[in-house]
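Read the structure below first, then the notes.
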Amino acid sequence: MNSPSGPGVQPQQFFFRCIGCGDLATSAGQDFRCAKCSDLLEITYPGWRSAGPDPSHLKLAWCQRRLSQSAADLSGVWRFRELLPSLADDNEIVTLREGNTPLYELPQCSRITGVERLYAKHQGMNPTASFKDTGMTVAATFARRAGFRWVACASTGNTSASMAAYAARGGMRSLVLVPEGKISWSKLSQALDYGAVTCQLRTDFDGCLRLLQELVRRAPVYQLNSINPFRLEGQKTLAIELLEQLNWQSPDHIVVPGGNLGNSSAIGKALVEMLDLGLISRLPKLSVIQAEGANALVRTIRESGGKSLVAVQAETRATAIRIGNPASWKKAVHVLEATGGACEQVSEVEIAQAKAEIGAEGIGCEPASAVTLAGLKKLLTQGFVKRNESVVLVLTGNLLKDPDFTIDFHRGELLKENESARTSLDRLRRPPIVLDASLEAVMKTLEQAQ
Ligand SMILES: *Cc1c(COP(=O)(O)O)cnc(C)c1O
Ligand SMILES: [Zn+2]
């Protein structure tokens with residue numbers, strides 16, 4: 001059965017627009033860069049300028065689709081397809097029922113920060129347990145439609161897990177380039193299980209991405225890094241779904257981790273488009289948080305005023321944002337300017353503490369996601385965020401993505417080189433206790449824990 005689509009709700013024709021020179025094109029090369037100036041491309045919908053889809057029709061159609069059982073409507077990405085590149089036929093979609101992620105209240109973190117209206121949009125609840133799935137469903141769909149047999153990515157782990165899954169669902173082969181020894185077993189095991197050809201390269205993420213750029217020019221493989229603008233279109237739906245969950249009332253702040261900066265770019269693009277289309281009446285401020293050891297965007301803003309990239313040699317235990325040469329930095333700078341957001345950095349100690357605090361809410365997240373709470377504390381201290389404002393933290397990945405970090409933290413093996421920092425976190429640690437199998441021993445432990 002076809003899904004309901006009210007009047008004025010039509011699939012969107014799209015163009016590729018260069019973010020540098022503004023050139024418009026109907027197709028893009030393998031490298032997804034402008035043929036004239038080699039800057040990144042973004043997808044635009046020229047039809048919106050004359051007669052954009054009607055906001056109330058959109059809201060109604062999206063709501064009605066929740067009652068539908070069609071694959072496109074069950075996807076939390078394709079349910080919003082009026083704001084995505086159009087397909088001739090819904091059966092072309094490669095989907096794993098991505099999106100539809102919960103928006104949680106964070107009562108304990110509210111108490112810690114003093115921010116009463118504090119929420120977490122938990123993208124770790126996606127099919128492969130990170131936000132990457134929301135972009136991958138769109139990019140994999142267009143890869144298959146273009147007739148590619150092979151897709152490929154460079155990854156710190158989550159992109160490869162997601163790509164491998166969607167390639168498998170779409171009947172394509174996948175090639176994964178990951179930095180050797182620097183990705184978690186959980187993420188690596190996902191790529192292996194979903195059948196990817198997995199290469200562990202003796203370099204870092206930035207080295208993997210560089211090599212992939214050369215590969216796609218030489219071989220008929222479709223590049224699924226976030227340079228691919230189809231991925232960012234899918235990742236926009238995080239913001240659309242969030243605003244729907246908030247009854248289309250914009251929060252004051254959205255806080256997101258920044259690695260390669262695709263996600264912040266996508267969320268910002270969605271916010272601006274929603275404002276232009278009249279779906280929301282004001283823009284939330286979108287702030288990007290990085291680890292101190294991988295702070296390319298922070299330095300780019302502080303040292304060049306956002307004009308030219310200051311790349312860094314990245315080092316952090318939050319491996320998902322261990323990126324020193326972020327591809328989408330220009331898009332992210334634009335988004336910070338457009339929404340009036342801030343860009344901050346947080347230390348390894350602050351990340352570990354924030355992760356434990358989010359864990360204690362009963363939801364948990366991976367280290368890279370915890371920079372949002374750590375960053376929020378800084379933005380509060382600076383007065384950029386006020387305690388009476390509403391704040392949404394984007395939790396990008398699931399707790400189970402990096403069990404080593406969690407176990408090292410609770411056993412006191414994290415931050416070993418920093419004794420005072422480690423002891424400051426002792427009250428949050430819950431190390432496993434090894435006991436003889438006697439009732440007495442367990443009873444004693446229970447008493448001591450009261
Ligand atoms: C990919 C990823 C990030 C970083 O997102 P970018 O789009 O690269 O900025 C942050 N957290 C998690 C869990 C990720 O998988
Ligand atoms: Zn250009």
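Indexing begins at 1, ligand by ligand and atom by atom, following the structure's order. Along the sequence shown, residues are numbered consecutively beginning with 1.
Checked against Leu209 for a side chain to side chain contact (heavy atoms under 4.5 Å, CB included), the options Ile323, Asp204, Asn225, Asn325 give a single hit: Asn225.
Taking the six-membered ring where tryptophan is involved, the planes of Phe32 and Tyr222 are perpendicular, since the angle between them exceeds 60° and thus also 30°.
Some N or O of Gly262 is nearer than 3.5 Å to an N or O of ligand 1, by distance alone. In terms of polar-atom proximity, defined here as any N/O pair under 3.5 Å, Ser264 makes no such contact with ligand 1. Checking only distances, Leu261 does come within under 3.5 Å of ligand 1, N or O to N or O. Looking at Gly259 next to ligand 1, an N or O pair under 3.5 Å apart turns up.
Only the side chain of Ile321 comes within 4.0 Å of ligand 1, counting heavy atoms alone; its backbone N, CA, C and O stay farther away. Contacts with ligand 1 closer than 4.0 Å are made by no heavy atom of Lys401, backbone or side chain.
The 12-atom threshold is not exceeded at NE2 of His334, counting heavy atoms of other residues, nucleotides or ligands nearer than 6.0 Å. Taking a 6.0 Å sphere around CD of Glu116, one finds it holds 12 or fewer heavy atoms contributed by other residues, nucleotides or ligands.
The SG atom of Cys18, the Zn ion (ligand 2) and the SG atom of Cys37 define an angle of 100° (nearest 10 degrees).
Remark: Ser369 OG to His122 NE2 distance equals 7.0 Å, nearest 0.5 Å. Taken to the nearest 0.5 Å, the CD atom of Gln190 stands 11.5 Å off from the OG1 atom of Thr198.
A salt bridge is defined here as a Lys NZ or Arg NE, NH1 or NH2 lying under 4.0 Å from an Asp or Glu carboxylate O, and Glu273 with Lys236 meets this definition.
Contact annotation: Ser226 has no heavy atom less than 4.0 Å from any atom of ligand 1.
Closest to atom 8 (O) of ligand 1 by heavy atom, among Asn260, Val394, Asn263, is Asn260.
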